[in-house]
Structures are given as C-alpha cells and as structure tokens.
Number of protein chains: 4
Amino acid sequence: MNSLKNSVRLVGNLGMDPEVKMFDGNKKLTKLSLATNDSYKNDKGERITETQWHNLVVWGAQAGLAGDMLKKGDEVVIEGKLSNRSYIDKDGIKRYATEVVVHEFLKTAGK
Amino acid sequence: MNSLKNSVRLVGNLGMDPEVKMFDGNKKLTKLSLATNDSYKNDKGERITETQWHNLVVWGAQAGLAGDMLKKGDEVVIEGKLSNRSYIDKDGIKRYATEVVVHEFLKTAGK
Amino acid sequence: MNSLKNSVRLVGNLGMDPEVKMFDGNKKLTKLSLATNDSYKNDKGERITETQWHNLVVWGAQAGLAGDMLKKGDEVVIEGKLSNRSYIDKDGIKRYATEVVVHEFLKTAGK
Amino acid sequence: MNSLKNSVRLVGNLGMDPEVKMFDGNKKLTKLSLATNDSYKNDKGERITETQWHNLVVWGAQAGLAGDMLKKGDEVVIEGKLSNRSYIDKDGIKRYATEVVVHEFLKTAGK
DNA sequence: TTTT
DNA sequence: TTTT
C-alpha cells in the first residue's frame, strides 16, 4: 500500500446507511456517502457553511465491518486514497467517476 | 480553512505544463494534472504499476507561483481538499467533476 | 505556514482539563494532554492496547477556544506540527522536549 | 496498524547517513535524523528559516531498505506515528524521548 | 443525503 | 491522565 503518494482524510457524517454489495458470491464492497461541512465567514462577516458530498468505497474485510458498525448520521473519520475510474454509461458515452477507496475508518464516540 | 475535515495529500509528477487562466481581469486559476504511481505485487508475484491522474486547481496568490515555478515532468508534493462540483454539459445534461483544490505545493529537489 | 513539510494528525481523548496560561498580559497558551489508543492482536491472538500520551500546545486565538470548549475525557481530532525544543533544567543540564503545536482542533460529536 | 489515530508526515533532508543496528542476530532497526525547514516572514518582513530536527526509527523489512537506499543529504518524504518512550539514563533518572516510527518512506527524484 |  |  502506498498511502504516502495518495492519501485522503475526511471527517464528516454519513448521509445514508451503508450499501453493502456482494461480488462473485464472497467478495464484499460497501458504499458510503459522506458529507464534510466547511464553515467560514465571508467578506460581509456572514457565516457560510459549504457541504461537500464524497463517494466512498470499502473493500475486503473492512467492507463487512463498515456495513455492520455504521449507519446514517454517524460521524466518522476515514483515511483512503483517491481513485478515478472511467466507465461507459447507458448511452455509450465514456464517463469518469472519482471515489475515495477507504483503508481505515473510525466511528467517533458521538452516536 | 478546515484541512482537518477534508485533506488530500499527493506525491507525483506533472503530466503537462501548468495551465494558467485569468478571471475578471485579475483573478488567477492554475490547473495541474498530476500522476500518482502505485506499485505493488499481484497474486502471481508480478510487479504492477497503477497510475492515477488527478485534476488539481490552484487559486489566488499560489496560482501565479504554480504557473511560474512548475513545468511538465516535475515531481511535486501537494496538500489540498477534495471538491466536487456539478455543471451542465453542452448537451444540457448535469455532470459531476471532482478536483483537488490545492492549498500548498512543493517541488522536490529532483528536476 | 508549512503543514506540507511537517504535519501531525491525532485522534484521541484528553487526559485532563486544558491548562490555559497567560504571557505578557495578553498572549495565551493552552496545554493539552492527549491519549491515542492503538489496538492490535499479538502473536498469540491476544488483543493488546497501547496508549501513547502526547503533549500539545495551542497558541493565539485558538488557545482561548481550546480552553473554553474542551475538557477532560473529550474525544478530539487535531492537526499540528512536530516541534522539538531544548531547555536548561533546574540542575543546569540541557534537556529536550517534543510537543505538537496545534493548528486546528475539532471536538467530535461524542461528549 | 492505526495510522488514522496517530500519523506524522514529514518532508525534509537527512542530516547523516542512516545508522543500521542489529538486534537478536536478525532484527534490524535503522535510525534517521531528518531536518524540516520552515520558512516564513516575521513582523519586520525578514525571511526567517526555522529548522527542526526529528529522530526517526525504521523497523523490520523497511529498515534494511532504508539503510541501503538512503544517505546523508537525501530529500525524503515519510509517514509514521509519534512514539513516546521513557528510559533510565546513566544517572538513574527517568527520561523521555519522542521518536517517529516510520511506516513508509520515499526518496524524492532529487539526489 | 448528514451534521452543528 | 483519557477512551472502548
């Protein structure tokens, strides 16, 4: 693993329950949707909150754990890598998707 | 700034010269394309190199610096945040793009 | 600031209430003691928890905030830099101390 | 491994050749001394460079690699964890030492 | 779609 | 000295 060259860290809340998928009968993949809320004051001194939604995927042993331990609304800390993949959509056009492939996650003491 | 909640770190090489754009006559934006190479051994013991291309944007004072100091092939270290935005493409369809908004960059002693 | 060259990230719990100190009548410094708990299985399959205690210091505007918002037992996420300093102890011998100078902190939803 | 709870990232130069030590006939430990240079402008507009020296240790398979690949002056990027240990010095007094236990390292294209 |  |  090379987290030195490609590393993402996020702290935020899950917008939905984890979505667990099975592949080839035994491989697990869990999808998470995580919101990070950035709060700052603009030029006029008004407090602005900017929300970013991130698509996360968890593979392997961690995928099952994520599916079992996490639920909508949970505050989590994750470390992973940025992954860009292309696919052909239903109209035959090449599309790009960016995901964070999660290596480690942690549910805060919160919920 | 809240690099605690949303932070990306990449070490890689630039695939092209920086692309500097002017906005409103005085605002600068610099686009970078960065490759990260992840190397590992597969099940058969063969060495596999996986390359990911990342779209980076640099705003403000740093944008000019990036345009001046960096060039194609340079090895750089960056820290930034993941930013997802949507836009309407030329066919009127909503698309999503993910970029890394760079806060800090560093050219290694290399090139 | 150069968090690219020197960056520490910790997630843990405070072992004591923040210790706020005043300097020169108006400068604030807050000291925190943070435990990180690393849990793993040893050769015999026994679960081992290893606790590290870290000395943190918060300067400036953040120092007051840390003193007001945080208390013993809180779960916090921090980003800072490693700082090594030397001093002369009461016996006239040169000593070294390592601290994490905190740039950002976040109390989790927990407590 | 739990790099989520305790993670250090440094970019700097080695102040000496790696020091490789053998334990129990087959275990390797490599010590590195790394300088990080932080440059900023003070109140008077003068450019100040502040150098921090960090003690790093590399264990296991990586220890041999570090000993072979790295030398004095090299620019390196590392990821590791903060580790605090106590020991009894030659005068029988308890002392504390902080080290960065390196998980991953990377020599830049530089030297 | 979350959270404060 | 914390927490699970």
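The figures that follow rest on heavy atoms only: side chains count, while hydrogens, waters and symmetry mates do not. Letters go in sequence order (proteins before strands), and every chain restarts at 1. Being a predicted model, the structure only gives us computed values, none of them experimental.
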Exercise for review: Measure from CZ on C:Phe105 to P on E:dT4 and round the result to the nearest Å.
Suggested key: 17 Å
Check your understanding: Between atom CZ in C:Arg47 and atom P in F:dT4, what is the gap in whole Å?
Key -> 16 Å
**Study point:** Nearest-angstrom distance from the residue atom CG of C:Leu106 to P of E:dT3
**Key:** 16 Å
Study note, to complete from the structure: Applied to residues 49-58 of chain B, the salt bridge (charged side-chain N to carboxylate O under 4.0 Å, His left out) test, sequence neighbours excluded, yields A:Lys81-B:Glu50
Review point. For A:Asn26, does the CG atom have more than 12 heavy-atom neighbours from other residues, nucleotides or ligands under 6.0 Å away?
Key: yes
Exercise for review: For C:Lys71 and F:dT3, give me the distance from atom NZ to atom P, rounded to whole Å.
Suggested key: 10 Å
Point to revise | Nearest-angstrom distance from the residue atom CG of C:Asp74 to C1' of F:dT2 | key: 10 Å
Revision key, fill the gap. Side-chain contact check for A:Ser33: nearest option of E:dT1, E:dT3, F:dT1 is E:dT1
Exercise for review: Kindly indicate whether the side chain of C:Asn37 and the base of F:dT3 share any N or O donor-acceptor pair separated by less than 3.5 Å?
Suggested key: yes
Study note, to complete from the structure: So, with a heavy-atom separation below 4.0 Å from DNA chain E, the residues of residues 49-58 of chain A are A:Thr51, A:Trp53
Check your understanding: Looking at A:Asp89 and A:Arg95, does any basic side-chain N land under 4.0 Å from a carboxylate oxygen?
Key -> yes
Practice item. Inspect the contact between C:Lys107 and C:Asp74 and indicate whether a charged nitrogen and a carboxylate oxygen are less than 4.0 angstrom apart. Key: yes
Revision key, fill the gap. To the nearest angstrom, the CG-P distance between C:Asn13 and F:dT1 comes to 16 Å
Point to revise | Rounded interatomic separation in angstrom, taking CG from B:Asn2 and C1' from E:dT4 | key: 12 Å
**Study point:** Whole angstrom value for the distance that separates P of E:dT2 from CG of A:Leu14
**Key:** 11 Å
Review point. Any chance the side chains of B:Asn37 and B:Thr49 put a donor and an acceptor closer than 3.5 Å?
Key: no
Point to revise | Charged N-O contact under 4.0 Å between B:Arg85 and B:Glu99 | key: yes
